[in-house]
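A quick write-up on the structure given underneath.
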Amino acid sequence: EESTVHVGCMLKENHCLVALHMCKHDMKNSGIQQLCDALYLNSSLRYLDVSCNKITHDGMVYVADVLKSNTTLEVIDLSFNRIENAGANYLSEALTSHNRSLKALSVVSNNIEGEGLVALSQSMKTNLTFSHIYIWGNKFDEATCVAYSHLIQMGRLKPDNTDVEPFVVDGHLYLAEVSNGLKKHYYWTSTYGESYDHSSNA
């Protein structure tokens with residue numbers, strides 16, 4: 001984690017950087033701890049991408065604690081880690097009770113089951129700033145499908161602001177994948193005109 005330590009030291013001193021992408025960095029829980037320690041002192045970073053690493057639910061303790069005091073982070077990409085239910089619950093608690101600055105969260109493919117996914121959906125009911133959530137690739141159960149379908153139907157979660165949409169088969173709700181996401185146009189942009197609605201590419 002030596003490089004992550006140096007990045008953490010930089011974040012303590014740098015007050016201009018607004019986005020940090022550390023995807024596929026082989027980062028573990030000690031690495032995310034280094035970044036979170038720095039974010040207590042950083043008041044400029046708005047976008048943190050730590051996707052495709054080796055972060056587990058233990059690392060989410062540090063992220064959740066930062067969210068309780070940091071007022072500038074708006075987007076966190078945790079896709080393709082392994083935070084599981086416990087990690088999702090830590091995040092949900094911070095977003096429900098403390099944080100009012102985070103707008104978008106991606107927990108795609110994190111081995112989260114129904115309990116954790118429902119907890120995150122519940123945080124959207126009380127935290128009105130939290131508007132974008134991406135959950136595909138986890139373990140959906142019926143409670144998950146009902147919770148997110150309800151958020152979409154009541155208008156709390158806009159269809160463009162998530163990567164799932166509900167459908168019904170034989171009276172049971174399911175969720176299908178849609179192509180929205182934090183990086184929907186990360187590698188490709190239209191050669192002319194507006195190719196997308198900004199709300200679907202947080």
Side-chain angles (χ1 to χ4, degrees), residues 47-52 55-68 70 73-184 196-202:
Y47 191 133
L48 177 63
D49 175 6
V50 288
S51 58
C52 303
I55 302 166
T56 70
H57 56 83
D58 291 333
M60 290 304 99
V61 174
Y62 310 116
V63 176
D65 282 345
V66 162
L67 287 174
K68 292 176 182 178
N70 184 288
L73 271 175
E74 296 180 358
V75 181
I76 298 180
D77 191 349
L78 291 161
S79 306
F80 304 101
N81 283 286
R82 199 175 180 84
I83 71 170
E84 301 179 317
N85 281 348
N89 285 329
Y90 291 137
L91 292 174
S92 174
E93 193 270 332
L95 291 169
T96 301
S97 305
H98 301 86
N99 184 276
R100 290 298 180 269
S101 63
L102 194 76
K103 297 178 180 178
L105 173 68
S106 177
V107 290
V108 170
S109 296
N110 262 277
N111 202 39
I112 306 172
E113 298 174 348
E115 175 194 338
L117 294 168
V118 170
L120 288 172
S121 76
Q122 293 296 323
S123 64
M124 296 198 84
K125 294 182 178 179
T126 55
N127 186 338
L128 300 182
T129 309
F130 184 26
S131 59
H132 295 64
I133 186 166
Y134 305 98
I135 61 169
W136 187 258
N138 291 294
K139 299 178 179 179
F140 299 164
D141 60 6
E142 188 170 0
T144 302
C145 299
V146 170
Y148 285 88
S149 298
H150 182 60
L151 285 175
I152 293 169
Q153 289 165 2
M154 67 188 289
R156 176 60 190 90
L157 179 59
K158 295 180 180 179
D160 283 345
N161 294 357
T162 186
D163 58 350
V164 294
E165 66 177 4
F167 68 97
V168 179
V169 175
D170 294 335
H172 293 282
L173 270 170
Y174 298 92
L175 295 175
E177 183 183 17
V178 292
S179 61
N180 300 331
L182 290 178
K183 297 179 180 177
K184 183 178 179 182
Y196 62 95
D197 179 351
H198 286 288
S199 69
S200 66
N201 190 27

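The figures here come from the full heavy-atom set of this structure, side chains too, leaving out hydrogens, waters and symmetry mates.
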Quick test of your reading of the model: are Lys68 and Glu93 salt-bridged, counting only N-O distances below 4.0 Å? yes
Backbone N/O of Ala88 and side chain of Ser92: donor-acceptor pair under 3.5 Å: no
Tell me whether the rings of Trp136 and Phe140 are parallel (<30°), tilted (30 to 60°) or perpendicular (>60°). perpendicular
Would you indicate whether the side-chain heavy atoms of Gln122 and Thr96 approach each other to under 4.5 Å? no
In terms of side-chain heavy atoms, does Thr144 have a donor or acceptor partner in Asp141 at a distance below 3.5 Å? yes
Separation between CD1 (Ile135) and CD (Glu177), nearest 0.5 Å, reads 11.0 Å
Main-chain N/O of Glu113 paired with Asn85 side-chain donor or acceptor, under 3.5 Å: yes
Enter the distance from Ser121:OG to Phe130:CZ here, rounded to the nearest 0.5 Å. 9.5 Å
With a 4.5 Å heavy-atom cut-off, do Ile55 and Val63 have their side chains touching? no
Kindly give the heavy-atom pair with the smallest separation between Thr162 and Val178, and that separation in Å. O-CG2, 3.6 Å
When rounded to the nearest 0.5 Å, the distance separating CG of Asn180 from NE2 of His132 is 8.5 Å
For the residue pair Leu182 and Ser106, what are the closest heavy atoms and their distance? CD1-CB, 3.5 Å
Can any side-chain N or O of Asp163 pair as donor or acceptor with the backbone N or O of Gly181 at less than 3.5 Å? no
Search all heavy atoms of Ala86 against all heavy atoms of His57 and return the closest pair with its distance. CB-CB, 3.8 Å
Interatomic distance, CG@Leu78 vs OG@Ser109, rounded to 0.5 Å, equals 12.5 Å
Got a second to check how far Thr129's OG1 is from Arg100's CZ, nearest 0.5 Å? 6.5 Å
To the nearest 0.5 Å, what is the distance between CD1 (Ile76) and OH (Tyr47)? 11.0 Å
Given 3.5 Å as the limit, does a donor-acceptor pair link the side chain of Asn110 with the main chain of Ile112, or not? no
Side-chain (Asn127) to main-chain (Asn99) donor-acceptor, under 3.5 angstrom: yes
For a quick test of reading the model, state the closest non-hydrogen atom pair linking Pro166 to Leu173 and the distance between them. CB-CD2, 4.1 Å
Strictly distance-based, threshold 3.5 Å: is any side-chain N or O of Ser79 a donor or acceptor partner for the main-chain N or O of Ser51? no
Out of Leu120, Leu117, Val164, Asn161, which residue meets the side-chain contact (heavy atoms from CB on, under 4.5 Å) rule with Ile133? Leu120
Between Lys125 and Leu151, is any pair of side-chain heavy atoms under 4.5 Å apart? yes
